[in-house]
*Asks:* 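Okay, handing you the structure first.
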Amino acid sequence: MARPTPLSGFPELLPEQRLVEQQVIDVLRTTFELHGFVGIETRAVEPIDQLLRKGDTSKEVYLLRRLHEESAEGHSGIGLHFDLTVPFARYVLENAGKLEFPFRRYQVQKVWRGERPQDGRYREFTQADIDVVGRDELPFHHDVEVTRVMVDALRRLSDPATLGLPGFRLQVNNRKLIQGFYAGLGVAEGHQTDEVMRLVDKLDKLPAEKVHALLLTEAAIDASTADRVLALATIRAEDAVGEQGFVRRVRDLGVEHPLLDEGLDELATLVRSVADLTSEQVRVVADLAIARGLDYYTGTVFETRLDGYESLGSICSGGRYDSLASDGRTTYPGVGISLGVSRVLVPLIARTGLAADRKVPSAVLVALTDEESRPASEAVAGALRARGIPCEVAPTAAKFGKQIRYAERRGIPHVWFPQADGPGQVKDIRTGEQVEADPATWAPPTEDLRPQVVSTSSTDAVGSTNHVKEKQ
């Protein structure tokens with residue numbers, strides 16, 4: 001076929017980059033399962049009317065049609081899901097009679113979104129979601145639980161002993177706190193409150209003066225009320241108590257309302273409850289400007305920034321929704337958070353050369369003396385694999401020097417030389433050390449059992465980082 005033209009917004013990874021993504025997903029899956037969450041996978045398509053119920057997403061949905069579609073609408077009535085929340089809500093309703101509540105699930109899948117591709121935003125990407133869903137009620141302690149699970153996962157991802165990704169800042173707020181504060185100011189409940197919240201949520205993109213002006217013109221509140229709205233939104237703290245804690249600072253604004261009290265208490269409880277998991281690499285910050293634009297959030301809300309990559313915006317977000325789904329008789333409230341795996345990894349790969357230190361998972365290349373000895377080499381490889389050591393047999397019986405260079409190009413650290421009349425020998429081609437070994441007992445160092453993640457700007461170590469850039 002002719003040289004293909006890259007498609008914008010559909011990133012593809014080279015093998016050594018894909019190994020990094022797989023390790024990230026492995027860390028997430030392991031962490032989620034350690035906390036008792038079960039993995040599910042939902043179908044890639046949903047009915048259009050369901051996809052469009054989540055707000056103004058009509059321009060983002062990819063519709064499906066057959067090549068010779070003859071329906072009046074010109075499509076099949078289904079589209080690719082643009083997130084994992086809509087399919088999960090449908091999954092809960094369809095399987096409610098078979099699920100145990102509270103239902104705790106994680107989901108790592110591709111999603112598709114027809115927006116303009118840019119750094120950190122793609123048309124096809126991988127998300128990792130966790131949610132806890134209850135039947136009719138869901139106690140607040142599950143908000144704390146979901147936060148702890150994701151903080152634990154982010155801590156493992158940023159640990160230099162594992163993947164060493166940049167640090168994360170998980171920003172939390174509570175919609176009850178915001179709505180109660182606005183109610184205490186006299187902002188009308190309903191459309192006006194939603195409009196004020198929508199505009200305040202723009203503070204990460206617009207200067208405060210511009211947001212202040214919009215509050216006057218678009219939300220129709222007076223200048224004094226706008227000043228106090230923005231005073232709340234400027235509060236950020238990692239502690240709930242003390243002179244600089246966010247509780248005292250909110251109280252100092254002099255606004256009172258029962259819903260404000262409830263939201264402030266929930267937020268303080270959450271921040272205190274995750275303090276033992278935080279570190280320099282993963283911080284939890286109460287940020288009272290965070291509102292989340294979607295109107296179905298009813299309590300805790302999350303956004304997360306990647307240290308040094310704040311221009312990417314929030315790479316991990318979610319919150320509490322008291323009505324994830326309803327069948328008319330039963331309501332299913334939930335709380336969840338979603339990590340944009342591709343949104344984090346693809347920019348890191350393109351900018352830093354993040355990659356595995358070898359192109360294959362193999363820790364050992366079993367050499368070939370000649371083609372007649374291939375069964376013997378395969379037997380050695382089989383014995384190693386039976387003990388969990390990834391390996392492969394050389395493709396040809398070339399001179400041993402060429403077989404070693406083949407291993408070097410692929411990043412395989414050890415080469416095994418079978419012996420016809422006794423134990424084989426294995427060579428660490430990085431150090432040149434060669435020792436006698438038995439495939440029934442020998443094992444490489446633990447760190448060699450799987451590829452290690454490295455970050456370098458050298459394309460020699462990463463393959464071609466342009467391969468990712470041109471696909472964005």
*Asks:* Evaluate the side-chain proximity of Leu7 to Glu124: yes if any heavy-atom separation is below 4.5 Å, no if none is.
*Replies:*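 A side-chain contact under 4.5 Å is absent here.
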
*Asks:* Which pairs of donor and acceptor atoms, one on a side chain in residues 314-321, lie under 3.5 Å apart (sequence neighbours left out)?
*Replies:*
from, atom 1, to, atom 2, distance (Å)
Ser314, OG, Thr304, N, 3.2
Ser314, OG, Cys316, O, 3.3
Ser317, OG, Arg292, NH2, 3.3
Arg320, NE, Asp143, OD1, 3.1
Arg320, NH1, Leu138, O, 3.0
Arg320, NH1, Asp322, OD1, 3.3
Arg320, NH2, Leu138, O, 3.0
Arg320, NH2, Pro139, O, 3.2
Arg320, NH2, Asp143, OD1, 2.6
Tyr321, OH, Asp131, OD2, 2.0

*Asks:* Which residue pairs satisfy the salt bridge (Lys or Arg N to Asp or Glu O under 4.0 Å) criterion with at least one member in residues 92-103, sequence neighbours excluded?
*Replies:* Arg90-Glu94

*Asks:* Return yes if some donor-acceptor pair links the side-chain N/O of Ser158 with the main-chain N/O of Leu154 below 3.5 Å, else return no.
*Replies:*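 Confirmed, Ser158 side chain pairs with Leu154 backbone.
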
*Asks:* Look at the side chain of Arg228 and the backbone N and O of Leu253, then say whether any donor-acceptor pair between them is shorter than 3.5 Å.
*Replies:* yes

*Asks:* Scan residues 330-345 for pairs that pass salt bridge (Lys or Arg N to Asp or Glu O under 4.0 Å), counting only residues two or more places apart or in two chains.
*Replies:*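 Listed by first then second residue: nothing to list.
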
*Asks:* Taking 4.0 angstrom as the limit, do Asp276 and Arg148 come out as a salt bridge?
*Replies:* yes

*Asks:* Quick check: does any side chain N or O of Asp287 sit under 3.5 Å from a backbone N or O of Gln171, one acting as donor and the other as acceptor?
*Replies:*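 It does not hold such a pair.
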
*Asks:* Hey, is Glu16 close enough to Arg358 for a salt bridge, meaning N to O under 4.0 Å?
*Replies:*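 Salt bridge absent between Glu16 and Arg358.
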
*Asks:* So among Thr300, Val146, Asp129, Val149, which one has a side chain to side chain contact (heavy atoms under 4.5 Å, CB included) with Ile337?
*Replies:*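 Filter result, single survivor: Val146.
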
*Asks:* Answer yes or no: is there an ion pair linking Asp26 with Arg29, defined by an N-O contact shorter than 4.0 Å?
*Replies:* yes

*Asks:* Can a donor-acceptor pair be found, under 3.5 Å and without considering hydrogens, that links the side chain of Gln192 to the backbone of Ala219?
*Replies:*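 Yes, the answer is positive, given that a donor and an acceptor are paired below the 3.5 Å cut-off.
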
*Asks:* Would the Phe103 and Tyr332 ring centres measure less than 6.0 Å apart?
*Replies:* no

*Asks:* Could you check whether any side-chain heavy atom of Arg175 comes within less than 4.5 Å of a side-chain heavy atom of Met197, counting everything from C-beta outward?
*Replies:*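 Yes - at least one pair of side-chain heavy atoms lies under 4.5 Å apart.
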
*Asks:* Contact between Gln179 and His257 at the side-chain level, heavy atoms closer than 4.5 Å - yes or no?
*Replies:* no

*Asks:* Do the charged groups of Arg305 and Glu310 touch, with an N to O distance under 4.0 Å?
*Replies:*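 Salt bridge: no.
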
*Asks:* Is any NZ, NE, NH1 or NH2 atom of the basic residue among Asp239 and Arg248 found under 4.0 Å from an Asp or Glu carboxylate oxygen of the other?
*Replies:*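 No, this pair does not count.
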
*Asks:* Is there a donor-acceptor pair under 3.5 Å between the side chain of Glu46 and the backbone N or O of Ala44?
*Replies:* no

*Asks:* Any ion pair linking Glu218 and Arg198 (charged N to carboxylate O, less than 4.0 Å)?
*Replies:* yes

*Asks:* Counting only pairs under 3.5 Å, give me each side-chain donor-acceptor contact of residues 33-41, with atom names and distances, residues two or more places apart or in other chains.
*Replies:*
from, atom 1, to, atom 2, distance (Å)
Glu33, OE2, Tyr106, OH, 2.5
His35, NE2, Asp152, OD2, 2.9

*Asks:* Does any N or O in the side chain of Thr42 come within less than 3.5 Å of the main-chain N or O of Phe88, such that one atom is a donor and the other an acceptor?
*Replies:* no

*Asks:* On a heavy-atom basis, which atom in Tyr122 and which in Pro347 lie closest, and how many Å separate them?
*Replies:*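 Taking every non-hydrogen atom into account, OH-CD, 3.3 Å.
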
*Asks:* Can you name the nearest heavy-atom pair linking Arg430 to Pro413, along with the distance?
*Replies:* CZ-CB, 3.5 Å

*Asks:* For Gly388 and Leu449, which heavy atoms make the closest approach, and how far apart are they?
*Replies:* O-CD2, 4.2 Å

*Asks:* Please name all residues satisfying salt bridge (Lys or Arg N to Asp or Glu O under 4.0 Å) with Arg123, sequence neighbours left out, ordered by chain then number.
*Replies:* none

*Asks:* When you compare the side chain of Lys110 with that of Trp112, does any pair of heavy atoms fall below 4.5 Å?
*Replies:* yes

*Asks:* Is the shortest side-chain heavy-atom distance between Gln127 and Leu339 below 4.5 Å?
*Replies:*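 No, every pair of side-chain atoms sits at 4.5 Å or beyond.
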
*Asks:* Can you confirm whether the side chains of Glu145 and His142 place a donor and an acceptor under 3.5 Å from each other?
*Replies:*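 His142 and Glu145 do have a side-chain donor-acceptor pair below 3.5 Å.
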
*Asks:* Are the side chains of Asp159 and Gln281 in touch, meaning some heavy atoms are under 4.5 Å apart?
*Replies:* no

*Asks:* Considering only heavy atoms from C-beta outward, does the side chain of Ile48 approach that of Leu63 to under 4.5 Å?
*Replies:*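 In contact.
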
*Asks:* With the side chain counted from C-beta on, respond yes when Thr162 and Leu157 share a heavy-atom pair under 4.5 Å apart, and no when they do not.
*Replies:* no

*Asks:* Just checking, is any N or O donor in the side chain of Asn174 or Glu266 under 3.5 Å from an acceptor N or O on the other one?
*Replies:*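 The answer is yes; a qualifying pair exists.
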
*Asks:* With sequence neighbours left out, which residue pairs that include part of residues 224-251 fulfil the ring pair (Phe, Tyr, Trp, His ring centres under 6.0 Å) condition?
*Replies:*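 Found none.
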
